[in-house]
Structures are given as C-alpha cells and as structure tokens.
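Read through the structure below, which is laid out as structure tokens, and then see the notes.
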Protein chains: 2
Amino acid sequence: MPKNKKFKREHILEIASNVFKQKGYNGTSVDDILKVAGLSRSSLYDSFGDKHSLYVQSLEYYKNIDNEKLGILNTNEANGLKKIEKLFEAVLNHLAENPNDNGCLLVNAAAEMSKQCFKTNQVICNNKSETEKLLTEWLENAQKNKEISLKKPVKQYSHFLYNTLCGLRVMSQSGADKKELKSIVDLTLSALN
Amino acid sequence: MPKNKKFKREHILEIASNVFKQKGYNGTSVDDILKVAGLSRSSLYDSFGDKHSLYVQSLEYYKNIDNEKLGILNTNEANGLKKIEKLFEAVLNHLAENPNDNGCLLVNAAAEMSKQCFKTNQVICNNKSETEKLLTEWLENAQKNKEISLKKPVKQYSHFLYNTLCGLRVMSQSGADKKELKSIVDLTLSALN
DNA sequence: CTTCATTTGGAATGAATATTCCAAATTATT
DNA sequence: AATAATTTGGAATATTCATTCCAAATGAAG
C-alpha cells in the first residue's frame with residue numbers, strides 16, 4: 001500500500017551528524033542538511049521532527065556508532081593495555097587522516113550546547129560514563145595482567161584517560177600535528193605506571 | 001570638541017566575550033550583546049565593525065586577559081613546579097566556582113569556528129604556543145630545581161599539560177565535578193616524574 | 001550661549017531561516 | 001489498470017537577524 005521510504009534513517013543521521021560536526025548546531029541550517037542528504041524538507045520534518053530534535057538524534061546516532069567501534073575494539077584484543085593503546089591509536093589516526101573533519105561531534109556539542117540543552121548534556125554524559133566504564137574494565141584487566149601497576153584507584157585513571165581523549169579533539173583543532181598528538185598519548189600512557 | 005565615548009572598549013569586549021562564551025558565535029545575536037552591554041547598535045558597529053570582527057576582537061581580548069593572569073602567576077612564585085600547580089588550581093577553581101560559565105571561550109571557539117575562520121584559528125594557535133612557552137619555562141625551571149625529573153623532552157610535557165587543560169574545559173561541561181577534575185590534575189602532575 | 005564634530009537611538013531594510021502546508025507523485029496491493 | 005496510503009517538492013509564511021541610515025542628542029571649545 002504505502003510508498004516505501006526512499007532513504008534509510010541511519011543514512012540521514014550519518015549525514016546530519018557530519019554536517020552538525022562541521023558547522024555546529026547554530027551554524028547549520030536545515031537547508032545545509034537537505035542539500036547533502038538529498039531528501040525533501042517535508043520528509044525530513046516528518047521523519048525527524050524539527051531541527052533540534054534531529055540534532056539530538058544525530059548526537060545519539062554518533063554516540064552509538066562510536067561505542068560500537070569501541071565494542072569491536074573490545075572483542076578484538078584480549079589484553080587490557082593493548083585495547084587502550086589501540087583506542088588511542090584509532091583516535092590519533094582518525095584525527096590525523098581527517099584534518100577537516102572538525103574533531104568530534106560530542107566534544108563540539110559539549111562546547112556549544114551542553115549548558116543550553118539538557119538532552120545534549122545527557123547524551124554527552126552518557127557517552128562519558130559508557131566510555132569510562134569500558135576504560136575501567138580494560139585498566140582492571142591490564143592491572144590483573146601486571147601490564148601496569150596503578151598507584152591510585154582505577155576510576156581515577158579512567159577519568160584521566162577520558163580527559164586526554166577530550167583534549168586531543170580540541171588540540172587537533174588548535175594546530176597540533178599528528179606527531180604532537182602522538183607524544184601526548186605516549187606521555188598519557190606512560191602515566192599508567 | 002567631540003562628545004566623549006560613554007563606554008570603554010575593554011568593558012564591551014569583556015561583555016561580548018562573555019556572551020560569546022555562553023552561546024557561541026552562531027548562537028549569539030548582536031542584540032544579545034547590546035542588551036547586556038547597554039550601548040547602541042550604531043556605537044557597536046562604529047567601534048567594532050560587524051559581528052564577526054567583534055568576535056575576533058573578543059577572542060583576542062579574552063586571550064590577552066588569560067595571558068595576563070598567567071603573567072601574574074609567573075611573577076608570584078619563584079618555583080617552577082609551584083607555578084604549574086597554581087595554574088591548574090586556578091583553572092580548577094574557576095571551573096568549579098562558575099558552573100554556568102560554559103568553560104573557556106577559546107576551547108569553545110576551537111570547537112565551533114577553528115576550521116571555518118582563519119583568524120579564529122590564529123588566535124587559538126597563538127594562545128596555545130604562548131601558554132606552552134610559559135609551561136616550558138616553568139618545566140625547565142622545575143627540572144633545574146630537581147623538583148621533577150623528566151624522562152622526555154620538555155616540549156613534549158608542555159603539549160601534554162596544555163592537552164590536559166583543554167580536556168578539563170570539556171570535562172567540566174560533560175558532567176565532571178570538582179573532585180573528579182582535581183583527580184585528573186593530580187594524575188597529570190604525577191606524570192611529571 | 002552657540003557651534004559643530006561626533007555619538008546615539010531606534011526605525012528601516014533586506015536576507016536567512018525554521019516551519020507549515022498541500023497538490024502532485026509514487027508504488028504496493030487489489 | 002485502478003486504488004489509496006504515504007511520501008515528496010517546493011511555494012508560502014512568519015520570524016529572526018545583521019546591517020545601514022539618519023535625525024536627534026551630546027558636550028567640549030570658542
């Protein structure tokens with residue numbers, strides 16, 4: 001009976017989160033997204049609600065994709081420290097290989113919207129606690145394997161690592177090159193001993 | 001002959017940089033600033049040019065104020081490590097005492113505008129290199145005093161410390177409380193040994 | 001007090017922008 | 001092929017916003 005949708009929800013969210021990442025929430029117009037996504041205004045409004053609702057959905061989509069990547073990382077390697085190293089390596093490579101990608105949607109959202117939009121803040125906080133939870137597991141595993149010997153509570157180190165991750169995204173937009181980012185990661189990881 | 005200005009340039013830039021910090025560049029209207037600053041549209045345009053020019057001037061003003069504070073810190077204590085500790089303490093206190101202050105204008109600008117505006121990028125890069133220069137001096141002094149024993153080049157540590165500073169501004173907008181931020185700083189400083 | 005270079009307030013303009021709306025197009029089913 | 005549920009394109013609307021402009025206000029100097 002009904003005509004089928006010509007687009008996939010996730011495909012649009014992928015595009016929207018990309019545009020929002022480049023230009024921020026207030027810097028992107030609905031038209032900007034339509035132009036790239038190639039679907040009609042009415043379809044967009046019908047499927048995603050208004051611009052703000054689309055933004056929140058884009059954040060959630062982006063967060064889930066990010067966490068999926070972490071999940072894949074989690075299954076690949078048995079070794080806790082290795083997982084942590086791989087994560088930083090992946091972030092580093094992404095930042096270095098996509099110099100015009102404008103960092104990370106969630107970091108940008110934290111800077112632009114966190115204090116103005118409760119839902120944005122929620123996604124950001126959820127992402128933080130989910131990532132830190134995984135980091136905590138990996139750290140505990142690494143400690144058990146005697147790969148590292150932590151002098152302070154594991155949770156503290158997970159905050160520390162997450163902080164470094166946030167910093168890297170800002171640094172990559174402040175003129176730091178890959179070599180510099182790499183050296184920051186090296187020092188961060190050496191602090192685990 | 002001419003009527004004197006009723007406002008001070010720096011006073012307006014103080015207000016403008018504050019509004020831009022809260023709402024971002026695209027999120028603030030010229031009216032938002034006028035309302036808080038209490039001067040007329042024509043005066044603003046006459047003295048500062050258009051909105052974008054005002055934004056860049058606000059960034060520069062903010063950067064200079066920040067660096068002045070660093071300068072004061074620099075004269076207060078003779079001891080390199082103490083200066084570094086005081087800097088982190090000051091940042092920590094500011095973030096904790098101003099939970100609605102939306103972090104740091106320069107970090108927010110890096111996230112929102114760095115890739116879209118060359119001048120914004122310049123101010124951000126200048127701030128980075130100026131701060132890192134000071135950090136390098138302090139680190140060298142601390143090393144000379146045998147307060148710390150660095151295993152890698154000093155410059156690497158200055159990048160690392162600056163990265164932590166950037167991270168803290170993002171973390172404070174991602175649900176981290178003062179205790180958590182403090183623990184990140186503690187781990188960062190302990191990495192200097 | 002008068003003059004006049006300059007600032008000021010706020011109305012006016014024009015361009016973007018978010019959102020709504022409906023006639024036309026589409027396609028799975030009959 | 002005809003039907004009908006649903007999507008689609010794009011015009012229409014209303015709002016916000018940056019910027020311009022000029023008459024009125026200001027106050028230092030003569």
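Lettering of chains follows the sequences in order, A, B, ..., and the numbering in each one begins at 1. None of the values given here were measured: they were computed from a predicted structure. Note that these values count all heavy atoms, side chains included, but never hydrogens, waters or copies made by symmetry.
In this structure, CZ of A:Phe48 is placed 12 Å from P of D:dT7, rounded to the nearest angstrom. Taking atom OH of residue A:Tyr45 and atom C1' of nucleotide D:dT13, one finds them 13 Å apart after rounding to whole Å. Between B:Lys35 atom NZ and D:dA18 atom P the separation is 11 Å, expressed in whole Å. Going from atom CG of A:Leu54 over to atom P of C:dA18 covers 11 Å, rounded to whole Å. When rounded to the nearest whole Å, the span between CG of B:Asp46 and P of D:dT19 equals 14 Å.
With A:Val123 as the fixed residue, the side chain to side chain contact (heavy atoms under 4.5 Å, CB included) test singles out one of A:Lys128, A:Lys63, A:Gln57: A:Lys63.
Place A:Arg41 and A:Leu44 on DNA chain D by their nearest nucleotides, and A:Leu44 ends up nearer the 5' end.
Ring orientation note: the planes of B:Tyr157 and B:Phe160 are nearly perpendicular, at an angle over 60° on the 30°/60° scale.
An OP1 or OP2 oxygen of C:dT8 is reached within less than 4.0 angstrom by no side-chain nitrogen or oxygen of B:Ser40. Close to C:dT8, at under 4.0 Å from its OP1 or OP2, lies a side-chain N or O of B:Ser43.
Side chain of B:Asn67 to backbone of B:Asn127: no donor-acceptor contact under 3.5 angstrom is found.
Ranking D:dT7, C:dC21, C:dT7 by closeness to the A:Ser42 side chain, first place goes to C:dC21.
The residue B:Ser29 sits close only to the backbone: its heavy atoms come under 4.0 Å of sugar-phosphate atoms, none of a base.
A side-chain donor from one of B:Glu14 and B:Tyr61 sits under 3.5 Å from a side-chain acceptor of the other.
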